[in-house]
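To keep things clear, I will list the structure first and then write my remarks on it.
Remember, predicted model here, so these are calculated numbers, not experimental data. In this chain, residues are counted from 1 in sequence order. As a basis for the values below, the full set of heavy atoms in this structure was taken, side chains included, without hydrogen atoms, waters or symmetry mates.
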Amino acid sequence: MNDQTENAVQAPRGCPVAHHGADLARLYGPEAATDPVGIYERLRKEHGSIAPVLLEGDVPAWLVLGYRDNRRVLDNPRQFSRDARIWRDWAEGRVEETSPLIPMLGWRPDCVSQDGEPHRRLRAAVTDGLQAAAVRGIRRHATHFANKQIDAFADTGRADLVKDYAEYLPMLVLSRILGLPEAEGRDLVESCAHVFKGGEDALAHNERIMVILGELAERKRSEPGGDFTTALLEHTAGLDEEEVVSHLRLVLIAAHTTTSNLLARVLQLVLTDTARLSGLISGQLNISAVVEEVMWNSPPLAVLPGRFAAGDLELGGHQIQEGDLLLLGLAAGNLDPDVRPDTDVSVQGNQAHLAFSSGPHECPGQSIGQSIIAIAVDVLLHRLPGLSLAAPPEELTSTASTWESRLDSLPVEFAV
């Protein structure tokens with residue numbers, strides 16, 4: 001018996017390996033890091049709107065590729081639960097607690113791990129806290145830190161807008177919102193990146209984030225302030241200590257990672273199109289139109305974790321079994337030829353993209369992220385005259401993990 005046959009025989013009932021054998025596409029490794037879109041399109045041709053895949057450690061899952069199937073999963077929590085405690089491979093011991101998948105897929109006492117009334121209770125605390133933070137001056141914080149980052153390279157005439165700007169600006173704003181010192185915010189950028197990247201360091205960096213945020217929550221209990229952490233501690237929903245720290249982690253990691261990635265992609269699009277660049281500088285083009293285009297074509301999360309089948313059902317012509325893991329292919333869904341037969345047609349004014357998820361778990365902080373990006377682009381264009389790309393557009397590269405594809409660098413030059 002060869003290895004492939006043996007794996008197929010040993011696979012648990014209902015999992016993708018049992019249906020398709022072990023020779024499945026991997027959403028990690030060298031090919032996934034360099035050509036995730038190619039993998040999505042190949043899977044669409046081979047399997048249709050939902051495909052069997054393997055995650056790090058060869059953990060099986062279903063990747064939802066179709067736009068309509070993504071919406072069905074996102075909008076129906078009774079069929080597709082966010083509660084990882086019903087994940088069969090984890091419950092039956094095939095996923096170790098030390099797996100780098102756990103920080104992204106494991107159950108935690110936060111609102112994204114719950115459905116129904118528990119979800120509503122916890123999400124209300126997050127939403128109220130974020131709204132209070134927005135009222136207290138997101139735009140002011142973004143302007144301050146945008147200028148501070150630019151000050152560090154403004155006299156040089158050159159910069160990498162990924163490493164010098166987009167990677168740090170959202171975290172600095174979030175640090176101010178949460179009540180963290182700026183230095184700790186800068187240190188957390190690396191840890192957030194490792195959690196999303198996966199690999200052997202993911203768990204250690206996740207623990208580091210939890211320790212720092214646990215110390216923050218303890219500090220704010222005795223020294224409350226006008227910040228998101230204090231808002232969670234004092235909310236009428238009555239969050240316990242573990243719930244508070246889990247939600248600080250959720251907001252920090254999700255908001256920073258998606259906003260920094262989106263900002264880098266927006267800047268890439270602006271700087272590789274002189275018409276867009278001149279339109280923004282002159283005020284004839286609104287930044288929201290550029291952001292919208294990026295959210296359709298390069299969403300900050302390419303794959304959203306995860307949903308778990310609450311019962312046996314059919315999806316996209318495949319039989320899904322209770323406890324199966326499903327991943328939401330946001331990038332693939334946005335490019336679904338059934339809804340976008342011609343991707344060259346303008347999407348301006350069309351906000352039906354999947355970039356911020358959908359349904360009861362739709363991102364509650366999307367307006368904050370878009371405010372940060374609008375300020376970041378505006379300050380940059382007005383601070384740096386003659387801003388232009390310092391490399392051929394075709395030489396810009398990206399590196400992907402299972403969950404996202406990030407621009408490696410964005411070299412620019414400008415007048416001093």
Side-chain angles (χ1 to χ4, degrees), residues 10-20 24 27 49-66 69-123 126 195 198 202-203 206 240 242-243 246-247 249-250 253-254 301 303-330 333 357-363 402-403:
Q10 292 179 349
R13 170 187 174 270
C15 84
V17 172
H19 286 270
H20 300 278
L24 300 182
L27 294 190
S49 63
I50 177 171
V53 296
L54 295 173
L55 302 180
E56 201 165 348
D58 280 356
V59 173
W62 296 99
L63 177 63
V64 186
L65 301 160
D69 286 319
N70 267 289
R71 291 299 297 261
R72 177 185 166 188
V73 174
L74 290 166
D75 294 343
N76 290 280
R78 289 187 178 181
Q79 287 186 309
F80 305 98
S81 173
R82 191 58 185 85
D83 191 335
R85 290 173 294 190
I86 68 170
W87 181 15
R88 189 178 56 255
D89 286 299
W90 179 79
E92 296 179 0
R94 285 181 292 276
V95 180
E96 299 291 335
E97 291 289 350
T98 55
S99 166
L101 297 175
I102 294 300
M104 297 298 295
L105 288 165
W107 186 89
R108 296 178 299 276
D110 60 28
C111 60
V112 299
S113 293
Q114 322 275 350
D115 297 307
E117 184 53 39
H119 168 258
R120 286 188 287 272
R121 166 185 162 260
L122 295 171
R123 185 180 170 97
V126 172
V195 169
L203 283 171
N206 187 71
D240 62 30
E242 192 176 8
E243 289 172 336
S246 290
H247 283 94
R249 173 196 178 276
L250 169 65
I253 294 179
L301 278 186
V303 175
L304 177 69
R307 299 293 187 272
F308 307 92
D312 296 354
L313 52 88
E314 183 274 336
L315 183 70
H318 295 270
Q319 293 301 312
I320 310 300
Q321 303 294 333
E322 181 177 348
D324 278 1
L325 165 62
L326 298 100
L327 308 175
L328 290 308
L330 307 184
S357 182
S358 178
H361 289 280
E362 183 174 354
C363 174
T402 298
W403 316 108

Could you list the residues that satisfy side chain to side chain contact (heavy atoms under 4.5 Å, CB included) with [X], not counting sequence neighbours?
| X | result |
| --- | --- |
| Ala202 | Pro100 |
| Leu315 | Ile50, Val64, Asp69, Arg72, Val73, Phe80, Leu313, Ile320, Leu326 |
| Glu117 | Arg120, Arg121 |
| Pro305 | Met104, Leu105, Trp403 |

Could you tell me if the side chain of [Y] sits less than 4.5 Å from the side chain of [X], heavy atoms only?
| X | Y | value |
| --- | --- | --- |
| Asn206 | Ile102 | no |
| Val53 | Leu24 | no |
| Pro103 | Leu203 | yes |

At what distance, to the nearest 0.5 angstrom, does [atom1] of [X] lie from [atom2] of [Y]?
| X | Y | atom1 | atom2 | answer |
| --- | --- | --- | --- | --- |
| Leu328 | Leu74 | CG | CG | 4.0 Å |
| Asp115 | Arg307 | CG | CZ | 8.0 Å |
| Leu63 | Leu54 | CG | CG | 11.5 Å |
| Phe308 | Leu325 | CZ | CG | 5.0 Å |

If only atom types and distance count, is the side chain of [X] paired as donor or acceptor with the main-chain N or O of [Y] below 3.5 Å?
| X | Y | answer |
| --- | --- | --- |
| His247 | Cys111 | yes |
| Glu243 | Asp240 | yes |
| His361 | Ser113 | no |
| Arg88 | Glu322 | yes |
| Arg82 | Val112 | yes |
| Ser357 | Cys363 | no |

Kindly give the heavy-atom pair with the smallest separation between [X] and [Y], and that separation in Å.
| X | Y | answer |
| --- | --- | --- |
| Pro109 | Glu242 | CG-CG, 3.6 Å |
| Thr402 | Leu27 | OG1-O, 2.7 Å |
| Asp89 | Pro60 | OD2-CG, 3.6 Å |
| Leu101 | Glu56 | CD1-O, 3.5 Å |

Set of residues satisfying salt bridge (Lys or Arg N to Asp or Glu O under 4.0 Å) with respect to Arg71, sequence neighbours excluded
Asp75
Can you list everything that forms a salt bridge (Lys or Arg N to Asp or Glu O under 4.0 Å) with Asp83? Sequence neighbours excluded, please.
Arg85
